[in-house]
Amino acid sequence: MTSSLAAQSPVIVWFRRDLRLRDQAALSAAASAGPVIPVYVLDDECAKHRRMGGASRWWLHHSLEALDAALRKKGSRLILRRGRCEEVLAQLARETGASAVHALHHYEPWWRNAQKAVGKALTLHLHHGNYLAPPGSVTTGTGGAYKIFTPFWRALNERMPPAEPLRRPHTLAAPERWPESDALGDWKLLPAKPDWAGGMRDFWEPGEEGAAGRLAAFVEAAARYEGQRNLPAIEGTSFLSPHLHFGEISPAQVWHAVADAGGSVATFLSEIGWRDYAQNVILQFPDYGATSAKEGFDDFPWRSGAQAEADLVAWQQGRTGYPIVDAGMRQLWHTGWMHNRVRMIAASFLVKHLLIDWRRGEQWFWDTLVDADYGSNAVNWQWSAGSGVDANMFVRIMAPLSQSEKFDAARYIREWVPELADLPSGEIHDPAPMIRPRAYPARLIEHRAGRERALGAWERFKGEG
DNA sequence: TGCCGATTGAG
DNA sequence: TCAATCGGC
């Protein structure tokens, strides 16, 4: 079989955020069509200011390394090229005589543009499989697109379970001659002078095997938790988000593994549903990451000037004086990840208590999260700000203290805010001024004052509009 | 995937 | 007195 395929003209597999061999429809289709040339194109032009952030680039480096190693075990390899993807792929096709390009669908506005451009230059076959259902295919009774998560999720659920995941291709025929590849190190995806990635190396194993390990651990835990109703919610603790973002594992694989394990996994599966929902939203609103969906919302009088900028930096560095917020922001900086519940609290604090434009927070997350995802990030920030297509409102202001207690975050705070580690659990969420260690910063603003300032600004804004 | 303050009812 | 509940926002 290999020899007969080798005689045919090769096909290109264009990898993007789908860096896996299992359940990879583009790779499977290519494997049965001819010799395969796997390629990853680093294209910082097509995404413009949405080029990958620092944490994502660190992840990408290691994920590409892992993908290349997995391909080499199959006698194949990963070709690395840099430049505009339509030009790079056309050039590669000329060099190799490749007849077609296979890829998975992606829905970020820049990827949709790139897909159009590649489709003009070459024969491009786009496959589904990075979402539970193809984005755009879940519609209301009248054929419209859903705007609210809950009805969307109900409709999506009617189409579950997803198809059985594809197996890893048994063989990958090599082309007669391998085209040249960039050296990964030359791309300088890793941090240079201050190496800020130490905490990330400790915590993450990018790549398909790392993803499988996380999934196995999570499935085991889900089974163990079965019947134990009072344990903290398992949502957000799978640590799969960056693996899913980079496509090192597919949502169908996760769905089947988790559903087969039994237990109460509905909440967790709905988190996977949010991924699909976010793509559904950016298909309708491609500019969702930069433009509020609610009419007029972008004219809100956000704070600006030196004091606001200083507050933004304090928030970024985890020095707000609110332990739950600071723990989250420091976890983000050190590991490239933050617990989902804490993301909501930290986002609410920036937008409501500090009255800073949600897009400033979105940009920070974009640069620092290893799971930074255009759709999910925009959907979550607009949800937090109350500016989005969903039903959340600006005047719903989270109280950092009661959220911290409800979330039972004492241990979390001890880990990430060591200045407070000695405080008893009753004090750690809200250390009184007398107890508060000198090393821990004072609050940027009291909760009540921040809440009233936000509500006042909202009233004035509504009055003017 | 809210918060807050008023009300209620058990003790 | 205080925890639980509920309606308004």
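The sequence lines fix the lettering, A, B, ..., with proteins before strands; numbering per chain opens at 1.
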Taking the six-membered ring for Trp, is the centroid-to-centroid distance between A/Tyr374 and A/Trp110 below 6.0 Å? yes
Rounded to whole Å, how long is the line connecting atom CD of A/Glu405 with atom C1' of B/dC4? 15 Å
Just to confirm, is there a sub-4.0 Å distance from OP1 or OP2 of C/dC9 to any side-chain nitrogen or oxygen of A/Arg451? no
In terms of the angle between their ring planes, are A/Phe239 and A/Phe203 parallel, tilted or perpendicular, with boundaries placed at 30° and 60°? perpendicular
Rounded to whole Å, the CD-P distance (A/Glu452 to C/dC9) equals 17 Å
I need the NZ-C1' distance between A/Lys352 and C/dC9, as an integer number of Å. 13 Å
B/dC3 C1' sits how many Å from A/Leu401 CG, rounded? 12 Å
Does A/His243 have its ring centroid less than 6.0 Å away from the ring centroid of A/Trp59? yes
Donor-acceptor under 3.5 Å (A/Arg319 side chain, A/Asp326 main chain): no
Can you tell me the distance, in whole Å, between the NE2 atom of A/His447 and the C1' atom of B/dC3? 7 Å
Spacing of A/Glu459 atom CD relative to C/dC9 atom C1', expressed in whole Å: 10 Å
At a cut-off of 3.5 Å, list every protein nitrogen or oxygen paired with a nitrogen or oxygen from nucleotides 2-5 of chain C, distance to 0.1 Å.
none

What is the distance, rounded to the nearest whole Å, between atom CD1 of A/Ile397 and atom P of C/dC9? 16 Å
Name the nucleic acid region contacted by A/Arg448, choosing base, sugar-phosphate or nothing; use a 4.0 angstrom heavy-atom cut-off, strictly under. sugar-phosphate
Rounded to the nearest angstrom, tell me the gap between atom CE in A/Met393 and atom C1' in C/dC9. 7 Å
By ring-ring contact (aromatic ring centres under 6.0 Å, His included), which residues pair with A/Phe152, not counting sequence neighbours? A/Tyr277
Within the side chain of A/Lys352, is there an N or O that forms a donor-acceptor pair under 3.5 Å with the backbone of A/Met398? no
